[in-house]
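First the structure, in the form of structure tokens, and then the observations on it.
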Amino acid sequence: MTMKLVPIAIAALWVATPVAAQSQNAQPPLRITVPTVIVTAQKEPADGQTLPVSVTAVSEGVISDAGITIVSDAAVYAPNTYFTEFTARALSFPRFRGIGTSPANPGITTYIDGVPQLNTNSSSVEFLGIDQVEFVRGAQSALFGRNTLGGLVSVTSGRPSLTAWTGSASVPFGNFGAWETRGAVSGPLSEKLAVGFAISRHDRDGFTTNDVSGRDVDYRSATFGKAQVLWVPAPNWEARAIVSGERARDGDLALNDLEALRRDPFHVSRDFEGRNDRDVVSTTVLAQRAGARYTFASTTGIVRWKTRGVTDLDYTPLPLATRDNAEKDVQFTQEVRFASAPNAPARLSGAMPLRWQTGVFFFTQNYDQDATNSYAPGLIPQIPFAASQYSPRAELDDVGFGVYGKGTVTLREKFDLAAGARVDYESKDASMDMSFLPPIPGSPVVTADESFSNVSPQFALSYRFQPERMAYVSVGRGFKAGGFNPASPPGSEAYGEELTWHTEGGLKTAWAGGRLLANASVFVINWDDLQLNLPNPAVPAQFYIANVGGARSTGVEFEVNSRPRANLDVFGAFGYTHGRFKDGSASSGADVSGNELPNTPGYTASFGAQQSWAVWGGRATVYGRAEAVFYGAFQYDDANTVGQDAYSLTSFRGGVRGGRLFAEAWVRNAFDTRYIPVAFAYTDFAPSGFVGENGQPRTFGFSGGVTF
């Protein structure tokens, strides 16, 4: 289906249900509206339609209806949002409007229950009991600080119930030997205390066959769990503790020469088959008090993760090179925030209401990496026999704090003028070893330290020209600190900070008595000292961050959500991004002026609908869901050497629910589209100069379960 058919399809879905199917009883019709979605895009709960920011919220209902289990599946509903993902679960990198990320210094940070994931290795975990996911686009450094210059992803867990016990259990299974068990239960222990538990186990065979051994290489196997305690000692006080964990034992990366993948998808040829392990344990403590004049909130987070990846580094049938990479990280974060009570803003002269918030944030991070590349005899010119290289052995320590504040004044009941700023400071220490065994001269151990500070302001003006319609404009500065590369070419061990100015204007509207929400925005982003994740030309499959100059991104976004009838939901989104390097930008010594920003589709689009019907006298409900997502062409690298053509993916889902039982079936990538969403330069061993991984093929399955 081409992009020209998108508006036609949405219009057809709008009128798909005949008027003759209206209720035949004499009762007056219920008021039908698109549900109000409360978001925390600016730290305080608010209706997303009233905020001067681009935010797409994916609710618990959509997560359940669409069978979403990871954050990148939810991202298809957000315009100008693209995830670069590898086979390994830890390698998942979001990109908004051309702004990308690297593992240790993301430009878009994922928050899980208010805790920032300072390294992307812990950001993409299994969804268990998730209440909502928000994709907040645009510079958010004024409130959230470092590493949100492109926006943020916020994942929120559902609260345990204080009124009744609820739960669910399901057993999905599908092709490629996929099977899963999922269960959750929550409820009160007393009037003031509630608990919740959830667990999941997932296994599947690999999509990719190793032609040398005949075995699949990219299988997956993982166990996930979450436990919560909610304590409400008084009507205006509550505390909540959340402990979650994931243990993944996956197969090898499915990387292969790019042209070979295009000729023969899902096939590799290698003499060595590796694996990817990941363990993540997170503890979060939330506390809040709602006073008559102000509110108080505290968020404490401890995240521990470790990974180990073993792979055939040359990705050929020859025994040339292998890699054994172990990483681990411990982060501690603490935020304390005060804000005016929702119904008690401060009053300025002329009785103008002022809503305010202020807070402090502190963090520490200790990251260690111990990686060894093993090379066959003669592969290293200086060594005629087998050799090993620390690539790298590194310790990176980071400590920092931020102070922020924001105020919003309402003028004449229609104008909102908001201003805020944040001061960030952090100090980094590094020790990096890239030596060889046996030793080679000129491979020293590098130790260094550096500090970074910044002030990030943000301003917004919004005007409600009707109660359901608002226009806004905002200007904000984004900030990402500099740092150190654990492994890099000589002279590139350190990189500088990155800064952006992000200007946005938009409309948020409701029509047809609230049955249709339609939002639009335009944006301009200007970069200075853009940080780019680049392949290390001296070490295979190694990446480092470098400042490559300036860039500019412009674009538009549209979102539509409609509920024309009580049993029909229609949704659509479209985003266009034009991102280019500015004149004078250079990467790895080459001029990239005017080139497209890598891994940035020219457009993204999604649309779909869900319909349900009451059957068997209302004792059961049959439902069906269809959706399609489109990605424009994009380049894999900053030199624009090679890229991925435009492609689309279509999914269907349907089932029946009756009483406490349900059964459903689904198919993803229904037309088995072949595409390669991720690839990078690999001149050492790949004949085409690039290696990549195929996107997921068609998968289908069934699920049955019970809820109570």
Side-chain angles (χ1 to χ4, degrees), residues 85-91 93 102-104 119-121 206 208 210 212-213 215 217-219 248-258 268-279 305-329 367-381 383 385-396 432-438 440 443 485-489 533-545 678-686 689-693:
E85 291 190 310
F86 291 78
T87 300
R89 299 170 195 260
L91 302 177
F93 312 129
S102 63
N119 191 297
T120 59
N121 277 276
T208 304
N210 182 6
V212 173
S213 67
R215 294 187 294 264
V217 297
D218 52 344
Y219 57 86
R249 296 295 181 265
D250 298 339
D252 202 353
L253 299 171
L255 290 166
N256 197 17
D257 177 69
L258 182 61
V268 299
S269 294
R270 59 184 65 166
D271 66 296
F272 180 85
E273 295 173 359
R275 71 182 193 273
N276 285 278
D277 302 340
R278 181 176 68 158
D279 297 279
W305 61 263
K306 62 180 180 179
T307 65
R308 186 183 180 191
V310 183
T311 188
D312 185 341
L313 196 57
D314 57 279
Y315 305 116
T316 73
L318 301 176
L320 300 178
T322 61
R323 177 171 173 79
D324 190 338
N325 178 38
E327 300 175 68
K328 62 180 180 179
D329 186 277
Y367 168 85
D368 296 323
Q369 184 176 10
D370 189 353
T372 302
N373 291 347
S374 299
Y375 301 105
L379 204 60
I380 305 299
I383 305 178
F385 38 81
S388 297
Q389 179 188 24
Y390 293 129
S391 183
R393 178 178 289 177
E395 297 180 4
L396 303 180
M432 300 161 289
D433 180 1
M434 288 281 290
S435 60
F436 282 84
L437 291 176
I440 295 179
S443 301
N485 291 301
S488 65
N533 213 34
L534 300 172
N536 187 339
V539 185
Q542 304 294 287
F543 292 83
Y544 71 102
I545 300 173
V678 57
F680 55 90
Y682 209 69
T683 56
D684 294 286
F685 299 109
F690 280 76
V691 294
E693 286 190 338

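Numbers for residues simply follow the sequence, beginning at 1.
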- Task: Take N276 and T87, measure what side chain to side chain contact (heavy atoms under 4.5 Å, CB included) needs, and give me the verdict at the end.
- Result: CA-CA 9 Å; N276 285 278; T87 300; 5.8 Å; no
- Residues that F543 engages under ring pair (Phe, Tyr, Trp, His ring centres under 6.0 Å), provided they are two or more places apart: F680
- Note on the structure: With sequence neighbours left out, the residues meeting ring pair (Phe, Tyr, Trp, His ring centres under 6.0 Å) with Y315 are Y682
Taking the side chain from [X] and the backbone from [Y], do they hold a donor-acceptor pair closer than 3.5 Å?
| X | Y | answer |
| --- | --- | --- |
| D370 | R393 | no |
| N485 | I545 | yes |
| R278 | N121 | yes |

- Query: Yes or no on salt bridge (charged side-chain N to carboxylate O under 4.0 Å, His left out) for D279 and R249, after CA distance, side-chain angles and deciding distance?
  - Reply: CA-CA 9 Å; D279 297 279; R249 296 295 181 265; 3.1 Å; yes
Can you find a pair of side-chain heavy atoms, one from [X] and one from [Y], that are under 4.5 Å apart?
| X | Y | result |
| --- | --- | --- |
| Y390 | T372 | yes |
| P535 | Q542 | no |
| R308 | R275 | yes |

- Pick out which of D329, T307, N325 makes a side chain to side chain donor-acceptor pair (under 3.5 Å) with Q369.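 Exactly one pass, corresponding to N325.
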State the [atom1]-[atom2] distance between [X] and [Y], to the nearest 0.5 angstrom.
| X | Y | atom1 | atom2 | value |
| --- | --- | --- | --- | --- |
| M432 | L396 | CE | CG | 7.0 Å |
| S269 | D312 | OG | CG | 10.5 Å |
| N373 | I380 | CG | CD1 | 8.5 Å |
| D314 | L255 | CG | CG | 12.0 Å |
| D433 | E395 | CG | CD | 10.5 Å |
| K328 | W305 | NZ | CH2 | 11.0 Å |

- Query: Are D252 and T311 close enough that a side-chain donor and a side-chain acceptor fall under 3.5 Å?
  - Reply: yes
- Message: For a side chain to side chain contact (heavy atoms under 4.5 Å, CB included) check, start with the C-alpha distance between T322 and V310, then their side-chain angles and the critical distance, and finish with the verdict.
- Response: CA-CA 7 Å; T322 61; V310 183; 5.9 Å; no
[X] to [Y] - nearest heavy-atom pair and separation:
| X | Y | value |
| --- | --- | --- |
| S391 | M434 | CA-SD, 3.8 Å |
| P103 | N533 | CD-ND2, 4.1 Å |
| D218 | A254 | OD2-CB, 3.9 Å |
| N210 | V217 | CB-CG1, 3.6 Å |
| L253 | A88 | CD2-N, 3.9 Å |
| D271 | P319 | OD2-CA, 3.5 Å |

- Message: Please verify the inter-ring angle class for F93 with F86; under 30° counts as parallel, over 60° as perpendicular, anything in between as tilted.
- Response: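 Perpendicular.
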- Apply side chain to side chain contact (heavy atoms under 4.5 Å, CB included) to the pair Q389 and S435, showing each step before the final yes or no. CA-CA 6 Å; Q389 179 188 24; S435 60; over 6 Å; no
